[in-house]
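The structure appears below as structure tokens.
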Amino acid sequence: MQNWAGNLHYAAHTLARPSTLDELAAVLAAAGPVRALGSRHSFNDIADTPGTQVQVDRLDDGRPAVDLDPTTGVVSVNAGLRYGEVSRALQLQGRGLGSLASLPHISVAGAVATATHGSGDTNQSLAGPVVGLEIMTTAGELRRVTRANDPEVFPGAVVSLGALGIVTRVELETRPSYDVRQDVAVDVPWDTVLGSFDALTGAAYSVSLFTSWEESSVRHVLFKSLVPEGAGQRPSAVDGLRWATDPVHPLPGVDTAACTEQLGVPGPWHERLSHFRLEFTPSSGNELQSEYLMPRRHAVAAIEGMRRLAPQVAPLLQTCEIRTVAADDLWLSPFPEDSVALHFTWHPRDAEVAAVLPAVEDLLLPLGARPHWGKVFAIDPTQLGALYPRFGDFKALAERFDPGARLQGGYLARLLG
């Protein structure tokens, strides 16, 4: 078994895909290490174990895989479903989610457990809309943890890195379905980005900037705007933008067939908020990824610093995406305040990327950056834990749920060990 990118071979000797809760309990009753595995879209060994990996994508607990409560608008979903599958089911029922990640191919539980995110000044990570979780512990106990009923446990249980048990269901807040249009500005001057960063990221519901850092301007800026009625309008908060007349791909020179529709054509939220379509494989996985998330008040300083590092990082980069994410109160979320995210898609040159990451972290960590839990980074696990004020509380919570530390494989063992 490999991860999606193929840069990691898992140490697990068994993959279990139970179809019932009883089968899942039987897997957990067996001795030895165990670990949840999602869609494998992780670039480090945080989902690894020397024992058994468990996927719940085939799990049937007797309820609909996407179970919407029309009274509250809360949807309970099979934790192993991909966001694209959940989104399509919700759209058919006239409901939507507030945000989506770049890829609709990632599993709900895996994305939530690592605080994966989309973009937007007012949009939290994918963990933000979670209001409840059903978790089977290593003792075989099925526990339901909700924000309403477990206010002391809930903030530590959502972004859990899989340390508490196997998540079987995730409960999400939804909203009425809505339409979005996607417009792309090209070759946006750095002076505009640095001088009007807040205006630029606030000009649409979701905004993403793409650069290699060495270019004289930002190559593409994707504006995803809400369309209350009709076709809506292009963003107008920033003057002088030049608009693409043909679709673009986040990676230079790549076929745009896998991209969601652009050029201002309105469409339902789930067909615009992600950068890529569910029915396509967006790339071969021939890449590495890193991401650093820091207070957005340091966005300009981070961007200026990265431009100075361009000679070191640009030769290894396919692209870098700049996004904004709203704050939440979850213990291991990297978004304790409104944040800016710098997402690096590297060429698959492991040793060279590992060699340049310390320079990137020397720049960004003093600005309050925290690495994405599922990407590649250099910071020592002890130092990383110290970046989270409630990390000690999280360790205690993990010990309560998993007293035998059977879930602590791969990177999690180094983090909590």
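Cation-pi geometry between Arg370 and Tyr292 is not satisfied (NZ or CZ under 6.0 Å from the ring centre, within 45° of the ring normal).
Atom CD of Glu279 has more than 12 neighbouring heavy atoms from other residues, nucleotides or ligands inside a 6.0 Å radius. Within 6.0 Å of atom CG in Asp380, more than 12 heavy atoms from other residues, nucleotides or ligands are found, so the atom counts as buried in its surroundings.
When all heavy atoms are compared, the tightest approach of Ile46 to Arg35 is O-NH2, 2.7 Å. The heavy-atom pair separating Gly305 from Leu363 by the smallest distance is C-CD2, 3.4 Å. Closest approach of Pro371 to Ile379, counting heavy atoms only: CG-CG2, 3.9 Å. When all heavy atoms of Ala314 and Ser212 are compared, the closest pair comes out as CB-O, 3.6 Å.
For Phe210 and His343, the ring centers are positioned 6.0 Å apart or more. In this structure, Phe377 has its ring center no closer than 6.0 Å to that of Phe344. No close placement of the Phe197 and Trp190 rings is indicated, their centers lying 6.0 Å or farther apart. The six-membered or imidazole ring of Phe280 lies away from that of His105, with a centre-to-centre distance of 6.0 Å or more.
A salt bridge links Arg181 with Asp183; the closest basic N to acidic carboxylate O contact falls under 4.0 Å. With salt bridges taken as basic N to acidic carboxylate O contacts below 4.0 Å, none links Arg277 and Glu261. Salt-bridge check for Arg82 with Asp57: failed, with every basic side-chain N at 4.0 Å or more from each acidic carboxylate O. With respect to the salt-bridge test (charged N to carboxylate O, under 4.0 angstrom), the residues Glu291 and Arg323 qualify.
Put simply, the side chain of Thr192 never gets that close to the backbone of Val188: no donor and acceptor are under 3.5 Å apart. Within the 3.5 Å criterion, the main-chain N or O of Gly6 finds a donor-acceptor partner in the side chain of Asn3.
Using bins of under 30°, 30° to 60° and over 60° for the plane-to-plane angle, the ring pair Phe335/His117 lands in the perpendicular bin. Between Tyr205 and Tyr178, the ring-plane angle classifies as perpendicular under the 30° and 60° cut-offs.
Shown are Leu59, Leu28, Val27; of these, the side-chain contact (heavy atoms from CB on, under 4.5 Å) with Ile166 is made only by Leu28. When Arg242, Arg219, His220 are each tested for a side-chain hydrogen bond (donor to acceptor under 3.5 Å, both in side chains) with Asp187, only one passes: Arg242. With Ser87 as the partner, the side-chain contact (heavy atoms from CB on, under 4.5 Å) test is satisfied by one option alone out of Leu278, Leu100, Leu273: Leu100.
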| task | Could you check Ser208 against Glu321 for side chain to side chain donor-acceptor pair (under 3.5 Å), going step by step and ending with a plain yes or no? | result | CA-CA 6 Å; Ser208 296; Glu321 181 177 6; 2.8 Å; yes
| request: Start with the C-alpha distance between Ser76 and Arg169, add both sets of side-chain angles, then the distance that settles side chain to side chain donor-acceptor pair (under 3.5 Å), and finish with yes or no. | output: CA-CA 6 Å; Ser76 173; Arg169 308 280 301 193; 3.0 Å; yes
| said: Show, in sequence, the C-alpha distance, side-chain angles and deciding distance for Trp346 and Ser290, and conclude whether the side chain to side chain donor-acceptor pair (under 3.5 Å) test is met. | reply: CA-CA 8 Å; Trp346 307 100; Ser290 300; 3.0 Å; yes
| message | Quick one, Ser99 with Gln124, criterion side chain to side chain donor-acceptor pair (under 3.5 Å). Give me CA distance, side-chain angles, the key distance, then yes/no. | response | CA-CA 8 Å; Ser99 185; Gln124 294 179 324; over 6 Å; no
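Inter-residue side-chain proximity for Trp331 and Val159 is flagged as unmet; no heavy-atom pair is nearer than 4.5 Å.
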